[in-house]
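Computed from a predicted model, the values in this text were never measured in an experiment. Heavy-atom basis, side chains included; hydrogens, waters and symmetry copies ignored.
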Amino acid sequence: MTAQSPDPTPRPVPSGELRASHDDREAVVEQLRDAAAEGRIDLDELDSRLEQALTSKTYAELAVLTADLPKPSSAPAESLPPLVLKGGMYGASRGPGRWEVPGHVIAHAGVGGVSLDFTRVECRLAEVVVEAYGETSGVTIVIPDGWAADTTGMDPGFGGLKDKTRPDRLPGTPLIRLTGSGGMAGVVIRHPNKRERRKLDGNAARD
């Protein structure tokens, strides 16, 4: 009787066992921070889950960390509710991974500060209103090359407004209309710096 040779056909890997990317981990980190800001998890649990998220290697390991949290909205951007970020004591951020941009973003820096990074998003809106309040630690907004900002509606406050963007706007890109107040620490809106550009180039090569 002839022995059968092993089947050389590769067996498909279950989706949960697929390796997670940096962007996958960043998306979970942002979801966890949002959940903490909304009061769904406390700060001790946030720290524990963030540590696990940053060391997770597969989709299954990441899924466990958000299984008891509401799923991110998949509604069209035009109908999405405003995104509210509160820096609180520990800070808050959105980006630099891919995230869904609503028409209105509100950022309260608080003591920890807020960072908004639009460099890897796909936004089909003609205009996005960013309402920023620098408060104690400031708000930093990073927009891609080719996007433009209108800062005429911004009150610089004591901290001031630093607009380091260029006026050249590419067709089909949104206008960031900045409003709010610089508060004590100020608001900065700019394009990516050299370090961020290198990281973006590396991500583009992987994509």
Side-chain angles (χ1 to χ4, degrees), residues 10-88 90-103 105-107 112-125 128 130 139-147 173-174 191-207:
R11 297 184 182 278
V13 177
S15 59
E17 296 178 14
L18 292 174
R19 290 280 177 158
S21 68
H22 293 304
D23 285 347
D24 296 324
R25 284 185 281 271
E26 287 174 1
V28 170
V29 165
E30 289 167 4
Q31 187 178 352
L32 292 172
R33 285 177 174 160
D34 288 345
E38 293 165 358
R40 299 182 190 278
I41 56 177
D42 62 31
L43 293 177
D44 288 339
E45 191 171 7
L46 172 64
D47 289 341
S48 174
R49 294 196 191 194
L50 287 178
E51 184 177 354
Q52 293 177 62
L54 293 172
T55 57
S56 291
K57 293 182 172 59
T58 66
Y59 285 121
E61 292 173 355
L62 288 175
V64 171
L65 302 176
T66 58
D68 58 348
L69 300 176
K71 301 298 182 186
S73 172
S74 59
E78 293 84 353
S79 62
L80 288 175
L83 168 64
V84 180
L85 295 173
K86 296 182 179 180
Y90 298 93
S93 65
R94 183 53 58 97
R98 302 184 190 280
W99 53 281
E100 196 163 14
V101 181
V105 180
I106 304 170
V114 169
S115 174
L116 268 172
D117 192 328
F118 292 88
T119 52
R120 297 204 69 201
V121 303
E122 295 179 5
C123 181
R124 294 182 176 85
L125 296 172
V128 176
V130 177
V139 176
T140 299
I141 304 158
V142 184
I143 64 175
D145 295 320
W147 288 27
T173 61
H191 297 295
N193 56 33
K194 290 182 178 179
R195 179 182 60 80
E196 291 163 340
R197 289 180 197 281
R198 286 196 296 270
K199 187 173 181 181
L200 285 169
D201 291 342
N203 287 331
R206 286 198 299 270
D207 292 345

Fill in the blank from the handout: The side chain to side chain donor-acceptor pair (under 3.5 Å) partners of D145 (sequence neighbours excluded) come to R166, R197
Exercise for the section: Check for a donor-acceptor pair, side chain of R25 on one end and backbone N or O of S56 on the other, with a separation under 3.5 Å. Expected result: yes
Exercise for the section: With the side chain counted from C-beta on, respond yes when V128 and C123 share a heavy-atom pair under 4.5 Å apart, and no when they do not. Expected result: yes
Exercise for the section: Under the side chain to side chain contact (heavy atoms under 4.5 Å, CB included) rule, collect the residues that match up with N193, sequence neighbours excluded. Expected result: R190, R195, E196
Handout entry: Cationic N near anionic O, under 4.0 Å, E45 to R49
Key = yes
Problem - Working for side chain to side chain contact (heavy atoms under 4.5 Å, CB included), residues L69 and L32 - result: CA-CA 9 Å; L69 300 176; L32 292 172; 3.9 Å; yes
Practice task
Decide yes or no for E61 and Q52: does some side-chain heavy atom of the first lie under 4.5 Å from some side-chain heavy atom of the second?
Solution key: no
Handout entry: Pairwise side-chain contact, V130 with F118, heavy-atom cut-off 4.5 Å (strictly under)
Key = yes
Fill in the blank from the handout: Rounding to 0.5 Å, atoms CG (L125) and OG1 (T173) come to a distance of 12.0 Å
Practice task
First locate atom CZ of R98, then atom OG1 of T119, and finally report the distance between them rounded to the nearest 0.5 Å.
Solution key: 10.0 Å
Practice task
Of all the heavy-atom pairs spanning A53 and V28, show the shortest one and how long it is.
Solution key: CB-CG1, 4.1 Å
Problem - Sidechain-backbone polar pair: E30 side chain, G95 backbone, donor-acceptor under 3.5 Å - result: yes
Handout entry: Reported CD-to-CG distance for the pair E26 and L54, which is rounded to 0.5 angstrom
Key = 9.0 Å
Completion exercise
Separation between CD1 (I41) and CG (L50), nearest 0.5 Å, reads 7.0 Å
Problem - Side chain to side chain, I143 and H191, heavy atoms closer than 4.5 Å - result: yes
Exercise for the section: Starting at CG of D42, measure out to CG of D47 and round the result to the nearest 0.5 Å. Expected result: 9.0 Å
Exercise for the section: State, with a plain yes or no, whether a side-chain heavy atom of L83 is found less than 4.5 Å away from one of W99. Expected result: yes
